[in-house]
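Remarks on the structure that follows.
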Amino acid sequence: MSAFDHLFDSALSLARRLRAGELSAAETVDACLAQIERVNPTLNAVVTLAEERAREEARVLDGRRASGAECGPLHGVPITFKDSFDTEGIRSTASTAGRRNHVPTSDATVVHRLRQAGAIILGKTNTPELTMGPDTVSPLFGRTNNPYQPDYSPSGSSGGAAANIAAGGAALEFGSDTGGSIREPAHVCGIVGLKPTQGRIPKTGHAIAHGVGLLDSITQVGPMARYVEDVEAALHICGGPDRADFTCVPASMRPSADVDVRAMRVLHFGHNGLWPVTAEIERVVNDAARVISDTGATTIELAPPPIASLGSLYSDYRVADGGWGLRRLLESFGTEQPGEGLQRRIDGCQLVTPDRLAELSFQIDQFKGALFEFMQDYDALICPPCPYAPWPHEAALNLTYQEWSYCTTFNLTGWPALVLRAGTSDQGMPIGVQLVAKPWREDIVLALGKHIESALGGYQSDGLWCR
């Protein structure tokens, strides 16, 4: 392990020390780069590094602080970005052959906003091709491994991001989530991941953004970190319209500190009516519900009935364009032949008739309306992010959309959902819990998350093979 004592601190804690001059940005960047150098040969989470630029930016920020200039809220904090985000001057491939050497001339909006806040980009993290995959396997860069057990999956598609954060390679990341791609990696890598309300954060500069048809309506970008406070800080820095993403809404953002958890009515459940969970997953959900109940909040064990009626609606909708959106992206990026994993996904898409597409859209609206109406008497849900504890690589490709329904339900609704570590499996692997609220109430899931994190330990570096 690095001799640097703050490798696993929160981003906000690092920023406070950096602004106070207790740490230098240069030594903090060097420590994270040294950790990446140490663990990445086994982890394979970071696929592109920008060491020289990161060190130069650190020297500039140290000089600004020494001169008394104003420092941003993330002053000197080392971060990485999923390789599906554009980063000016740093290779951004989206793991597809046509962009193998692509270097953008501008930053994605979230990249720009975090850099403006003082964060320093160390490099890019691995993702499946065009972010499509339940395990993080890239045709360009190979497979990423779980930081707690290398023969286990870090899940996908933000598995490189989650693995690098958990291993101490960066304090903060951004991922994207079309069917659990922020939340599943957070679950199996023991970190915090937030899928915000659809329209909360601009997707400008992300490979799966606009012009990809049906996928756009169920995709959101969001922050990932080791601690809830860092995810909240990134949400407030990056949220709001950017004059480019026409789906982004100027909705107000409330601080989690203003939420009175004691006054809440919170549902919790294990089985969602679509796919059963293991006993250890149910135990972790119950532990999280007990923590919230102990605050004085009302907790009720009940799965909202509309969820059980969801059936195959998500999977049918996701593939209904016959793969048009993915093929269009590949063509625009100049990829003549996708990798095996993405080709298999495209081959599994089935173009539906206009009548069937209209029917699917109607059914989704009916489902969203029924769930929204049911939840009017409740403030939040506590539920699993997945039916299982972390799984070996060979099991990842066998997971079905029904098994992922604990996450995909909330891609369809567009509601905010937070995942954080709340327990440990019988094999010593992290187990996450998912917190969900109605649209624009990220403050509620963040407040609940902070209580659970405090009571149950949240992120733990103990157990990392690289610790």
Measure the shortest side-chain to side-chain distance between [X] and [Y] over non-hydrogen atoms and say whether it is less than 4.5 angstrom.
X: V445; Y: K195; result: no
X: S315; Y: W404; result: no
X: F174; Y: C238; result: yes
X: P154; Y: C189; result: yes
X: R53; Y: I120; result: no
X: R100; Y: T93; result: no
X: I191; Y: M224; result: yes
X: V188; Y: N146; result: yes

Determine whether the side chains of [X] and [Y] contain a donor N or O and an acceptor N or O closer than 3.5 Å.
X: N126; Y: T144; result: yes
X: H268; Y: T299; result: no
X: T247; Y: Q198; result: no
X: D135; Y: H393; result: yes
X: K82; Y: T125; result: no
X: S405; Y: Q402; result: no
X: T80; Y: E173; result: yes
X: S176; Y: S181; result: no
X: R200; Y: Q220; result: no
X: Q343; Y: D347; result: yes

Original post:
Does the pair S155 and W391 meet the rule for a side chain to side chain contact (heavy atoms under 4.5 Å, CB included), with working shown?
Top reply: CA-CA 9 Å; S155 192; W391 46 86; 3.9 Å; yes
Distance-only, no hydrogens or angles: does the [X] side chain make a donor-acceptor pair with backbone N or O of [Y] under 3.5 Å?
X: S10; Y: Y227; result: no
X: R226; Y: I165; result: yes
X: N44; Y: F141; result: yes
X: T219; Y: T178; result: no

Original post:
So, are E453 and K450 salt-bridged, with charged N and O less than 4.0 Å apart?
Top reply: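 Result for this pair is no, no salt bridge flagged.
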Original post:
So, are R327 and E331 salt-bridged, with charged N and O less than 4.0 Å apart?
Top reply: no
Original post:
What do you reckon, are the aromatic ring centroids of Y406 and F410 less than 6.0 Å apart?
Top reply: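 That pair fails the under 6.0 Å test.
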Output a table of donor-acceptor pairs, distance under 3.5 Å, between side-chain atoms of residues 103-111 and any protein atom two or more places apart or on a different chain; print 'none' if there are none.
residue, atom, partner, partner atom, Å
D107, OD1, E88, N, 2.6
D107, OD2, R115, NH1, 2.9
T109, OG1, D242, OD2, 2.6

What are the two closest heavy atoms between [X] and [Y], and how far apart are they?
X: P384; Y: V277; answer: CG-CG1, 3.9 Å
X: S84; Y: T127; answer: N-CG2, 4.4 Å
X: P128; Y: S157; answer: CD-O, 3.3 Å

Original post:
Given the rule in the side chain to side chain contact (heavy atoms under 4.5 Å, CB included) test, do I382 and V266 qualify, once you have shown the distances and angles that lead to the verdict?
Top reply: CA-CA 7 Å; I382 301 175; V266 180; 3.7 Å; yes
**OP:** Can you measure from CG (L371) to CG (L381) and round to the nearest 0.5 angstrom?
**Re:** 7.0 Å
Original post:
Does a sphere of radius 6.0 Å around NE2 in H112 hold more than 12 heavy atoms from other residues, nucleotides or ligands, not counting ones at 6.0 Å or beyond?
Top reply: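 Result for NE2/H112: open.
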Subject >> Exceeds 12 heavy-atom contacts within 6.0 angstrom, atom CD of E394 >> reply: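 Correct, the count exceeds 12.
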**OP:** Applying salt bridge (charged side-chain N to carboxylate O under 4.0 Å, His left out) between K203 and each of D177, D216, D245, report the one that passes.
**Re:** D216
**OP:** Check each of Y317, W275, Y314 against Y401 using the ring pair (Phe, Tyr, Trp, His ring centres under 6.0 Å) test, and report the only one that passes.
**Re:**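 Testing each of Y317, W275, Y314 against Y401, the sole residue satisfying ring pair (Phe, Tyr, Trp, His ring centres under 6.0 Å) is Y314.
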**OP:** Could you go through the side chain to side chain contact (heavy atoms under 4.5 Å, CB included) check for R254 and R441 one step at a time?
**Re:** CA-CA 8 Å; R254 312 175 215 196; R441 295 311 307 267; 3.3 Å; yes
Original post:
Where do T278 and I281 land on the side chain to side chain contact (heavy atoms under 4.5 Å, CB included) test, with the steps shown first?
Top reply: CA-CA 5 Å; T278 63; I281 294 293; 3.2 Å; yes
Original post:
Regarding R421 and the six-membered ring of Y148, is the cationic atom NZ or CZ under 6.0 Å from the ring centre and inside 45° of its axis?
Top reply: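 Positive - R421 is close enough to the ring of Y148 and near enough to its axis.
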Original post:
Any cation-pi pair here, R99 with F333, using under 6.0 Å and within 45°?
Top reply: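 That pair qualifies as a cation-pi contact.
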Subject >> Pairs touching residues 122-131 that satisfy salt bridge (charged side-chain N to carboxylate O under 4.0 Å, His left out), sequence neighbours left out >> reply: D83-K124
